[in-house]
Amino acid sequence: MDNSFYNPSDHPSSFEKKAMWNNISSSLEHKKEPKIINLHWRSFWIGNAAAVIVAFALIGVFSMSNEFWDSSSRQNNSDEQVYETLNTATDKLRELPPLLIDQASEPNKSSLESTALAIEEIDRLIDEIKEDMLINGETPVKRNNLKRLYATKLDFYKELLLNEDTQS
């Protein structure tokens with residue numbers, strides 16, 4: 001049973017097929033004309049100016065952010081150097097109270113011993129603040145308290161030295 005809808009005579013011959021495709025291809029071929037780019041020059045220059053301004057703004061933001069981070073790290077480094085120097089100085093001064101207590105007269109020994117104990121307590125507080133700064137971060141209040149403790153500690157050493165001078 002042939003289910004063909006068309007008869008074989010209804011199909012185009014090879015010559016007809018070739019002619020048909022030649023007509024189709026000739027209608028598809030367009031002559032390529034050169035394209036003329038029509039720019040709106042005012043928009044072009046405004047866009048370029050905006051791009052340059054945005055580029056300068058980004059450079060400014062980038063350099064300011066770098067400067068901000070560099071200054072904060074320099075601030076932290078300088079604070080660390082200050083604390084390191086103070087630690088070194090007070091470590092050298094730590095040898096002083098036992099010598100002064102040994103050389104002191106009996107009535108002044110108790111005063112010198114209490115000053116030495118106060119210095120030890122200040123050392124403990126300094127260590128607590130430093131540990132807190134490492135764990136919870138550094139704040140201006142903590143830095144200020146640490147500086148005050150170092151100043152108080154140096155005042156106690158000054159008092160030890162001045163009391164030793166008056167005893168001699």
Evaluate side-chain contact (heavy atoms from CB on, under 4.5 Å) for Leu58 paired with Val54, printing each intermediate quantity in order.
-> CA-CA 6 Å; Leu58 289 174; Val54 167; 4.1 Å; yes

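- Distance check: Arg148 CZ to Asp155 CG gives 12.0 Å after rounding to the nearest 0.5 Å.
- Not one N or O on the side chain of Lys17 forms a donor-acceptor pair closer than 3.5 Å with the backbone of His11.
- Glu128 has a carboxylate O that lies under 4.0 Å from a charged side-chain N of Arg124, or vice versa, which qualifies the two as a salt bridge.
- For the atom pair CG (Asn136) and CD (Glu131), the distance works out to 9.5 Å, reported to the nearest 0.5 Å.
- Counting all heavy atoms, side chain and backbone alike, Lys142 lies closest to Ile129 at O-CG2, 4.0 Å.
- Within the model, atoms CD of Glu120 and CG of Leu125 stand 12.5 Å from one another, a figure rounded to the nearest 0.5 Å.
- Annotation: side chain of Ile46 is in contact with side chain of Arg42 (closest heavy-atom distance under 4.5 Å).
- Among all heavy-atom pairs drawn from Leu146 and Met133, the shortest one is CD2-SD, 4.0 Å.
- Here CD1 of Ile126 is found 8.5 Å from OG1 of Thr152. Values are rounded to the nearest 0.5 Å.
- Annotation: the span from Leu149 atom CG to Asn144 atom CG amounts to 10.0 Å, rounded to 0.5 Å.
- Rounded to the nearest 0.5 Å, atoms OH (Tyr157) and CD1 (Ile122) are 9.0 Å apart.
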